2 protein chains.
Amino acid sequence: MLLNTRPNKTQPRRHSITGEGNRQRILSAAEEVFAAYGYNGGTVGMIAEQARLSKPNVLYYFPSKAEIYDRLLVSILDDWIGKMALFEQAGDEPADKIAAYIRGKIAFSRIRPNASRVFANEIIGGARNLEKAIHARLRPQLKKDVELVYCWIRDGKIDSIDPYHLFFLIWSSTQSYADFSAQIRMLLQKEQLETEDFKAAETFLINLVLKGLGLYAESGARTRG
Amino acid sequence: MLLNTRPNKTQPRRHSITGEGNRQRILSAAEEVFAAYGYNGGTVGMIAEQARLSKPNVLYYFPSKAEIYDRLLVSILDDWIGKMALFEQAGDEPADKIAAYIRGKIAFSRIRPNASRVFANEIIGGARNLEKAIHARLRPQLKKDVELVYCWIRDGKIDSIDPYHLFFLIWSSTQSYADFSAQIRMLLQKEQLETEDFKAAETFLINLVLKGLGLYAESGARTRG
DNA sequence: GTCTATATGGCGATAGAC
DNA sequence: GTCTATCGCCATATAGAC
């Protein structure tokens, strides 16, 4: 029977069930706090309050504030690189791949804006805590994607452009809807960015990039010549 | 005579010559420090060291760290909005105006990267210290520029796109060469971004945006069909 | 105007009871 | 595992001599 396969005594694990839950709560709370106040501006006390734990209890699950931050950065980078892998899926045609890629990045900005902000803060500050991961993980992935774009250029499927700058453009323009949402919100005079705003951004970016690469020549006609 | 027109006794002024010089040195130092460590991470001691002054002497010229930061933000926003005014100059044709606009923004990223980073940090953190200035100064300027783009669309000079998102794209993609230069540098495997890198970025962005807007149909031919 | 010395407060981290 | 209390450090800001 199913019930008998699991003995009564607790399985050996690094932390208890509630402990793992608390660790996750702390990381989520830290994401919110560091996004809003930066690493130095955010305090363990704020994280504790956000996670509904006491300050020493937070430091029971993590040895230090710096360690919380490091763990958080790694988890964000995992997610971020995961979105990049989208480039390997989603159809064979350049237009399909690029559109899916942009959609994935916009979705990340919409769903995990605070993760994007923590990441952005770290890079603005020099990315010292990400240097190894960028070289070891992000650069190889990017290199593969760049190679693919070069193939498209060689095969005459898209215009001849610099693939690196293409990716930098897609990253910055999609992430800005998370990182700089405060400014965008104020300029659009909205309380919050809504789903429709992200959809409008997505549509705009896909159309402009595809047409800018020489794809899309058929549907991009002007209203008048 | 010219010499007689200026009496010997010193003119009344808020601060002495050297004092104004020191105030400027402090703001420059603060720009560097806040860009690298954020507002909370940067200390008055670091600013003092960078400005070659003692810590209390810095606080003689400014009443508080917060006041240094506020003054710095205002001076950066002035410069930033100054670049936006470029949109009103530089030829009548949409292509000329947009190209000049992108060049101005890229130049800002190249010449004042730390200013861009301080600005970015503030916006990521919610732009609380910029809220008034954004509504009072940035939004009216943007609105004028957006109106002009709408005219171009109505006149059939460019494709029908959302002008707001066009400006957000130009801002984020140009600023990323300052704000995220650490990441870009690592991915391009360069010690520093050089003039040629900014030039490459500028060329890429201008070509992609112009073509993406339906301009540029003549020179944007693919290498093969 | 510039300095040394210091008051004051807040934060990260620990001790130790429960 | 969770808490209260507290230590030690560092940063802002001021006092006051020069």
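Chain A is the first sequence line, chain B the second, and so forth, proteins listed ahead of strands; every chain is numbered from 1. Treat the numbers as computed from the prediction; the structure is a model and nothing was measured.
Counting to the nearest Å, the P atom of C/dT4 and the CG atom of B/Asn57 are 11 Å from each other. C/dG12 atom P lies 14 Å from atom OH of A/Tyr37, rounded to whole Å. Atom CZ in A/Phe62 sits about 15 Å away from atom P in C/dT14, given to the nearest Å. Atom CE in B/Met46 sits about 10 Å away from atom C1' in D/dA11, given to the nearest Å. In this structure, B/Leu53 places its CG atom 7 Å from P of C/dT2, rounding to the nearest Å. Rounded to whole Å, atom P of C/dA13 lies 8 Å from atom CD1 of A/Ile68.
The side chain to side chain contact (heavy atoms under 4.5 Å, CB included) check on A/Leu59 picks up A/Val44, with sequence neighbours excluded. The side chain to side chain donor-acceptor pair (under 3.5 Å) test applied to A/Asn129 returns A/Glu122, not counting sequence neighbours. A/Ala178 meets the side chain to side chain contact (heavy atoms under 4.5 Å, CB included) test with A/Ser109, A/Pro113, A/Ser116; sequence neighbours excluded. Taking the side chain to side chain contact (heavy atoms under 4.5 Å, CB included) definition, one finds that B/Val146 meets it with B/Leu142, B/Tyr150, B/Pro163, B/Tyr164, B/Phe167, sequence neighbours left out.
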Output a table of nitrogen or oxygen pairs between the protein and nucleotides 12-14 of chain D separated by less than 3.5 Å.
| residue | atom | partner | partner atom | Å |
| --- | --- | --- | --- | --- |
| D/dT12 | OP1 | B/Val44 | N | 3.1 |
| D/dT12 | OP1 | B/Lys65 | NZ | 3.2 |
| D/dT12 | OP2 | B/Val44 | N | 3.1 |
| D/dA13 | OP2 | B/Lys65 | N | 2.8 |

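Among pairs with a residue in residues 42-57 of chain A, those fulfilling side-chain hydrogen bond (donor to acceptor under 3.5 Å, both in side chains) read A/Glu32-A/Gln50, at least two apart in sequence or across chains.
Scanning all heavy atoms of the two residues, the minimum distance from B/Ile206 to B/Ala99 falls at CD1-O, 3.8 Å.
Close to C/dA13, at under 4.0 Å from its OP1 or OP2, lies no side-chain N or O of A/Tyr60. Of the side-chain N and O atoms in A/Ser54, none sit less than 4.0 angstrom from OP1 or OP2 of D/dT2.
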